[in-house]
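What's counted below: heavy atoms across the whole structure, side chains too, no hydrogens, waters or symmetry copies.
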Amino acid sequence: MEVIIVHSHLNPGGVTRIIESQVESLHRLPVKVVAGDCSNPEQITSRGAEYVEFAPLNYLEHKPYSIAEINQKLIEITSFLKNLTTSDSILHIHNLNLGKNPVVTYAVYQLAKKGMPVFNHAHDFAEDRPANLKFLKEIIEDIFKEKLNDVLYPDFPNYHFGVLNSFDKKRLENYGVQQDRILWLPNPVTFDTEEDISNKKKYKTEICSELNLDEKKLLVTYPVRVIQRKNIGEFILLSVLFANDVQFVVTQPPKNPVEIELYEKWLKFCHEKKIAITFEAGQKVNFEKLIIASDFCITTSYREGFGMVYLEPWLLNTPVVGRNIDFLTNDFQSDGFRFSALYDEITVPGQSEDFKNLDMHSQMEIIDDVLSGKIKKEQVYEQNPVLSALFKNVPEQVSRQNKSIIKNNYSLEKYGIKLQNRYKEMVG
């Protein structure tokens, strides 16, 4: 049995990290990793897999196409995938249903229809992104004249799905996929480091010196690339509310031009209002040392596929607090995981709407009102009692228990065994 792992690109990010983990977990099997683009193929080849690049797998530009253009792309992609595989191959493809390249989605459907074993690893769904869903309909319904649901969720015994959480498992069942063709496959959670994770005080001294921060205050890090769903406005609000006792750090800027424009507006706002957040810290100091040095990691994100940020920092002895995404944290808590302080919403005096749902202008106005004293911090705390407990000390026993659950339930070895067992079911 040979495994062909396919994704549109291998740029730095969550899916690429999971593909790297898959290669490591499947070390007993021959593995090829195929992508439209990869800045560093060694990240794959050094782990024992072959890397193959094929540009048409990358994102398809969202613009009008002629039927002839799309059919030519379909022939090209179908021929490539067909020639790449044998009767002994499993096609393990990531985010096929996200709508970034509807021609690839349709090509895989056609190959599966002819019997190719396909494992559709769904991290995200076009149903959550209207523009992507529209693009899929334009290509699959308007040009290929197929029902979109039939192509995204085909009823073939050789076509299986992997999902990251119980919410998405239920979602697929509602779309008509039989339970026995859905594998609940939480991401592996590992953090190999050569740093001494027990020496938090030493690293905090170093990091605070490098970033010119006050070591006496709590150091709170948001370990993300700042994009819209990470809800940076709320992070900035919290930094203002806790400015006397806490210094806030965020690690990476966005790469997408649309996201960069929004990000730069927030940077300008923070600069003008003298809000002391350290942006892009991941480009200034060692990332692992920063997480170890932090008193807490925080998340204000309102949409995640798996929620790695809720788990990973605990492995470096750093507790996690912030916004709750219940369909993710429910899965973790059912394993026995304990979070000291998560909130479901933040509201402010004069607003009944959750802060995350407000537009950027409204969020900036509220933050400005808190800075000026028009909205009293005490009022915000009264309206959101959980905030008072957000950065309370986390008992050592809780940290130990959480680390133990991660190592037992989300290990790379168990992840690989789950995958291989499913592959065997699919090929008989």
Q.
Quick check for you: to the nearest 0.5 Å, what is the distance between Glu353 atom CD and Ser362 atom OG?
A. 9.5 Å
(Q) I need the single residue from Ile139, Leu133, Ile140 that forms a side-chain contact (heavy atoms from CB on, under 4.5 Å) with Lys137. Which is it? (A) Leu133
Q) If you measure only the distance, is there a donor-acceptor pair under 3.5 Å linking the side chains of Gln43 and Asn40? A) no
Q: Ignoring hydrogens and angles, state whether a donor on the side chain of Lys200 or Thr318 is under 3.5 Å from an acceptor on the partner side chain.
A: yes
Q) What pairs with Lys63 under side chain to side chain contact (heavy atoms under 4.5 Å, CB included), at least two apart in sequence or on another chain? A) Glu61, Tyr65
Q) Around Arg171, counting heavy atoms of other residues, nucleotides and ligands shown, do more than 12 lie under 6.0 Å from its CZ? A) yes
Q. Taking only residues two or more places apart in sequence, or in another chain, which ones meet Lys216 in a side-chain hydrogen bond (donor to acceptor under 3.5 Å, both in side chains)?
A. none
Q | Lys255/Glu259 salt bridge by N-O under 4.0 Å criterion | A | no
Q: Answer yes if the side chains of His9 and Glu53 hold a donor-acceptor pair under 3.5 Å, and no otherwise.
A: no
Q) Between the side chains of Asn95 and Asp124, does any donor sit under 3.5 Å from an acceptor? A) yes
Q.
Quiz question: by atom type and distance under 3.5 Å, do the side chains of Asn120 and Tyr159 form a donor-acceptor pair?
A. yes
Q. Which residue pairs pass the side chain to side chain donor-acceptor pair (under 3.5 Å) test with at least one member in residues 377-388, sequence neighbours excluded?
A. Thr347-Gln383
Q) Centroid-to-centroid, Phe248 to Tyr222, below 6.0 Å? A) no
Q | Between Tyr415 and Tyr410, ring centroids under 6.0 Å | A | no
Q) If you count the non-hydrogen atoms of other residues, nucleotides and ligands that lie under 6.0 Å from NZ in Lys284, is the total more than 12? A) yes
Q: Check ring-ring contact (aromatic ring centres under 6.0 Å, His included) between Phe306 and all other residues, then give those that pass, not counting sequence neighbours.
A: Phe332
Q: Name all residues meeting the side chain to side chain contact (heavy atoms under 4.5 Å, CB included) criterion together with Ala341; count only those two or more places apart in sequence or in a different chain, and write none if there are none.
A: Val321, Leu390
Q: Report the C-alpha distance between Ile277 and Gln247 in whole Å, list the side-chain angles of each, state the deciding distance to 0.1 Å, and finish with yes or no for side-chain contact (heavy atoms from CB on, under 4.5 Å).
A: CA-CA 7 Å; Ile277 291 174; Gln247 48 215 349; over 6 Å; no
Q.
So, using ring-ring contact (aromatic ring centres under 6.0 Å, His included) as the criterion, who are the partners of Phe135 when residues are at least two apart?
A. His62
Q) Do we see a donor-acceptor contact under 3.5 Å between the side chains of Glu280 and Gln252? A) no
Q: Starting at CZ of Phe355, measure out to CG of Leu238 and round the result to the nearest 0.5 Å.
A: 8.5 Å
